[in-house]
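Structure first, commentary second.
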Amino acid sequence: MSEAIRIGIVEDDPDWRRGLADYLAAEPGFQLLWTASCGSELREALHGDGDAPDVILMDIMLDGRPEGIQLAEEASLASGARIIMLTSMEEKELILQSFHAGAIDYQIKSSFERLPDAIRQAYRKQSPISPEAAEQLREEFKRLKALEREFEAKKMSDLITPSELQLLGLIQEGYSQPQIADKLFITLRTVKNHVNHILKKLGVDGSKEAAAKVKEMGLLDHKNERK
């Protein structure tokens, strides 16, 4: 006979806590170790003499605050348990914070019938990301990617002078270095010096690569604004 999955529950609503405890206690292969309604009760359970839980169901909102996120990290570090976050609504802004805190799954309370399978998957370290969590993670990654791109563009913009940007714009348009020298009324040596400085600044090997890099960052679209 396989060993029972040891479970802890953190939930501040007494009716929901009792109902969830009864529901899971009737499930084969589960052993409910304890329930807690707040952080102090959770800490007492974690540091007691009993067995450590394999899985903890953690309500995100405790006493009207998202205290469960901090407690998830604390419980994960103290016990090594897999944490499943519970919520009564799709609090999308808290999903990513929950995963950062060490949670491996995120379940809506109204879908409580999914919890037994979620607990087994968490125990086996096979928890899939729920559609709600996946959507929010995608949105967050897009936001972070946009911020990263904006930061890189700003950093590059601070490195490149307006005259260097003008030169890169001409390279991107297909002008050769001698043609650029003629067009800008400067010597070919000056063009080459500019190009060498640009390559060092951007850490690339060729002028076309440098031009493509600043174009990708959108800097060539605004080169006239910097004049």
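All residue numbers in this chain count up from 1 along the given sequence.
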If the condition is side-chain hydrogen bond (donor to acceptor under 3.5 Å, both in side chains), which residues does Gln177 pass it with, not counting sequence neighbours? Lys192

Taking side-chain hydrogen bond (donor to acceptor under 3.5 Å, both in side chains) as the definition, give me every residue that meets it alongside Gln70, ordered by chain and number, with sequence neighbours left out. none

All N/O donor-acceptor pairs, side-chain side in residues 76-84, below 3.5 Å, sequence neighbours left out:
from	atom 1	to	atom 2	distance (Å)
Ser79	OG	Ala75	O	2.7
Ser79	OG	Ala81	N	3.1
Arg82	NE	Ala122	O	3.2
Arg82	NH2	Tyr123	O	2.9

The test is side chain to side chain contact (heavy atoms under 4.5 Å, CB included); show your working for Leu219 and Met156 and say whether it passes. CA-CA 9 Å; Leu219 298 183; Met156 189 178 294; 3.8 Å; yes

Would you check if the side chain of Asp13 reaches a backbone N or O of Trp16 as a donor-acceptor pair within less than 3.5 Å? yes

Check: Asp63 main-chain N/O paired with Asp12 side-chain donor or acceptor under 3.5 Å: yes

For Ile56 and Ile7: C-alpha separation, side-chain torsions, deciding distance, then whether side chain to side chain contact (heavy atoms under 4.5 Å, CB included) applies. CA-CA 6 Å; Ile56 295 176; Ile7 301 169; over 6 Å; no

Just jot down the side chain to side chain contact (heavy atoms under 4.5 Å, CB included) partners of Ala210, sequence neighbours excluded, or say none. Leu168, Ile198, Leu199, Leu202, Val204

Taking side chain to side chain contact (heavy atoms under 4.5 Å, CB included) as the test, write out the residues that go with Ala21, two or more places apart. Ile9, Leu32, Thr35

When rounded to the nearest 0.5 angstrom, what is the spacing between CD in Gln166 and CG in Leu220? 11.5 Å

Which residue pairs pass the salt bridge (charged side-chain N to carboxylate O under 4.0 Å, His left out) test when at least one of the two sits in residues 16-25, sequence neighbours left out? Asp15-Arg18

What residue pairs, at least two apart or across chains, pass salt bridge (charged side-chain N to carboxylate O under 4.0 Å, His left out) with a residue in residues 27-36? Glu27-Arg120

Could you check whether Lys155 pairs with Glu150 (Lys NZ or Arg NE/NH1/NH2 to Asp/Glu carboxylate O, under 4.0 Å)? no

Derivation and outcome, side chain to side chain contact (heavy atoms under 4.5 Å, CB included), residues Leu20 and Lys109: CA-CA 10 Å; Leu20 182 57; Lys109 289 182 180 180; over 6 Å; no

Under the ring-ring contact (aromatic ring centres under 6.0 Å, His included) test, residues paired with Phe112 that sit two or more places apart: Tyr23

Could you note down all residue pairs passing side-chain hydrogen bond (donor to acceptor under 3.5 Å, both in side chains) where [range] supplies at least one of them, sequence neighbours left out?
range	answer
residues 198-215	Glu164-Lys201
residues 178-189	Ser176-Gln179, Thr187-Thr190
residues 42-56	Arg6-Asp54, Arg43-Glu74

Kindly indicate whether the side chain of [X], heavy atoms from C-beta on, has any atom under 4.5 Å from the side chain of [Y].
X	Y	answer
Val214	Gln172	no
Phe30	Val55	no
Leu184	Leu170	yes

Minimum heavy-atom distance between [X] and [Y], given as atom pair plus value:
X	Y	result
Ala211	Ile171	CB-CG2, 3.9 Å
Pro178	Leu188	N-CD1, 3.7 Å
Gly68	Met85	O-CE, 3.7 Å
Ala4	Gln31	CB-CB, 4.0 Å

Only one of Asp105, Ile108, Ile60, Leu115 passes side-chain contact (heavy atoms from CB on, under 4.5 Å) with Leu86, and that residue is Leu115

Apply side chain to side chain contact (heavy atoms under 4.5 Å, CB included) to residues Leu57 and Glu11 and explain how you reach the verdict. CA-CA 8 Å; Leu57 303 180; Glu11 167 61 54; over 6 Å; no

Quick one: which residue pairs count as a ring-ring contact (aromatic ring centres under 6.0 Å, His included) with a foot in residues 154-199, not counting sequence neighbours? none

